[in-house]
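Chain letters run A, B, ... following the sequence lines, proteins first, then strands; residues in each count from 1. Below, each value reflects all heavy atoms present in this structure, side chains not excepted, and no hydrogens, waters or symmetry copies.
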Amino acid sequence: MEKLSRRFYARDTKQVALDLLGTYLVRMQNGVRRVGRIVEVEAYLGPHDLAAHSARGRTARTEVMFGQPGHAYVYMIYGMHCCFNVVTERVGHASAVLIRALEPLENVTANTRGPGLLCRALDIDRRLNGADLLGEEISIFADKQAARPMIGRSARIGVAYARHWAARLLRFYVRDSAYLSRRPKDRTE
DNA sequence: TGCACGATGAAC
DNA sequence: TTCATCGTGCAC
């Protein structure tokens, strides 16, 4: 197991999203380690992507998206749930990958099928906004020996307002996982 | 300062 | 299908 490097995150967002499938999200808190395998993600490509928060420009909320890759972008949605993203590409590019579902592996008992639920299960909230994923509190590890998962793709969830960007197949998931946050009719190509 | 609206989840 | 519930961004 190897912690993902800055270089891993500083690449094409779609590629980072695909490569994150099957990796391990590790949350350290009070000496307790919680681990989940990432099985579902969405790519948000930058300010030109009308579904991305950065499409509204640089604001207090999206500041982290415009910063260095390999950092956590955590925001609150619908006034009650947090969503966890990893910042990708170069500084100023403002792209990120939303982590949508995990397979619970270690010290995780709550439901992790959905972006809000996985944050609750791993106690991820806005205190972690801006946290460095190369640090201790929250990080992601890859097992280089592991087989590449079979990947499915679909349109992203809840972005109908984003005009032609809503149809882009930028949601990726491990096809045979039992821990996906269902919803749209999945296409597999 | 006010207001419309979500990268959701759970209940009905 | 509906609703709970509030931070954000933008209009005024």
- Task: Check every atom of C/dT5, B/dT8, C/dG7 against the side chain of A/Met76 and return the nucleotide holding the closest atom.
- Result: C/dG7
- Item | Proximal nucleotide (of B/dA10, C/dA4, B/dA7) relative to the A/Arg120 side chain | B/dA10
Within the structure, does a side-chain N or O atom of [X] lie under 4.0 Å from either OP1 or OP2 of [N]?
{"X": "A/His53", "N": "B/dA7", "result": "yes"}
{"X": "A/Arg56", "N": "B/dC5", "result": "no"}
{"X": "A/Arg100", "N": "B/dT8", "result": "yes"}
{"X": "A/Tyr73", "N": "B/dA7", "result": "no"}

- Message: Within residues 59-70 of chain A, which residues have any heavy atom lying less than 4.0 Å from an atom of DNA chain C?
- Response: A/Thr59, A/Arg61
- Check: C/dA4 base within 3.5 Å donor-acceptor of A/Tyr78 side chain: no
- Query: For A/Met150, which fellow cluster members are found when Ile, Leu, Val, Met, Phe, Trp and Tyr are connected by side-chain heavy-atom distances below 4.5 angstrom, either directly or through intermediates?
  - Reply: none
List the residues meeting side-chain contact (heavy atoms from CB on, under 4.5 Å) with [X], not counting sequence neighbours, and say none if there are none.
{"X": "A/Glu63", "value": "A/Arg58"}
{"X": "A/Ala121", "value": "A/Val108, A/Ala110, A/Thr112"}
{"X": "A/His93", "value": "A/Glu89, A/Arg90, A/Ser95"}
{"X": "A/Arg120", "value": "A/Leu117"}

Between atom [atom1] in [X] and atom [atom2] in [N], what is the gap in whole Å?
{"X": "A/Met80", "N": "B/dA7", "atom1": "CE", "atom2": "P", "answer": "14 Å"}
{"X": "A/Tyr161", "N": "C/dT8", "atom1": "OH", "atom2": "C1'", "answer": "13 Å"}
{"X": "A/Tyr75", "N": "C/dT8", "atom1": "OH", "atom2": "P", "answer": "12 Å"}
{"X": "A/Leu50", "N": "B/dC5", "atom1": "CG", "atom2": "C1'", "answer": "17 Å"}
{"X": "A/Ile124", "N": "B/dT8", "atom1": "CD1", "atom2": "C1'", "answer": "16 Å"}
{"X": "A/Glu40", "N": "B/dT8", "atom1": "CD", "atom2": "P", "answer": "11 Å"}
{"X": "A/Arg58", "N": "C/dT8", "atom1": "CZ", "atom2": "P", "answer": "17 Å"}
{"X": "A/Asn129", "N": "C/dG7", "atom1": "CG", "atom2": "C1'", "answer": "13 Å"}

- Query: Under 5.5 Å between ring centres and under 30° between planes: true for A/Tyr44 and the base of B/dA7?
  - Reply: yes
Check for a donor-acceptor pair, side chain of [X] on one end and backbone N or O of [Y] on the other, with a separation under 3.5 Å.
{"X": "A/Thr13", "Y": "A/Thr88", "result": "no"}
{"X": "A/Thr62", "Y": "A/Thr59", "result": "yes"}
{"X": "A/Trp165", "Y": "A/His48", "result": "yes"}

- Message: With the threshold set at under 4.0 Å for non-hydrogen atoms, list the residues of residues 102-117 of chain A touching DNA chain B in residue-number order.
- Response: A/Gly114, A/Pro115, A/Gly116, A/Leu117
- Just checking A/Arg126: base, sugar-phosphate only, or nothing, at a heavy-atom cut-off of under 4.0 Å? sugar-phosphate
- Task: Whenever both distances are under 3.5 Å in a Watson-Crick or G-U wobble pair, mark it; put DNA chain C into dot-bracket that way, with [ ] for crossing pairs and | when the partner is on another strand.
- Result: ||||.||||||.
- Note on the structure: Residue set satisfying salt bridge (Lys or Arg N to Asp or Glu O under 4.0 Å) with A/Arg37, at least two apart, ordered chain then number -> A/Glu103
- Task: Among residues two or more places apart or on two chains, list those pairs meeting salt bridge (Lys or Arg N to Asp or Glu O under 4.0 Å) that have a residue in residues 104-116 of chain A.
- Result: A/Arg33-A/Glu106
- Not counting sequence neighbours, which residues clear ring-ring contact (aromatic ring centres under 6.0 Å, His included) with A/Tyr75? List them please. A/His53, A/Tyr73
Under 3.5 Å, which donor-acceptor pairs link side chains of residues 133-148 of chain A to any protein atom two or more places apart or in another chain?
| from | atom 1 | to | atom 2 | distance (Å) |
| --- | --- | --- | --- | --- |
| A/Asp143 | OD1 | A/Gln145 | N | 3.0 |
| A/Arg148 | NH2 | A/Asp19 | OD1 | 3.4 |

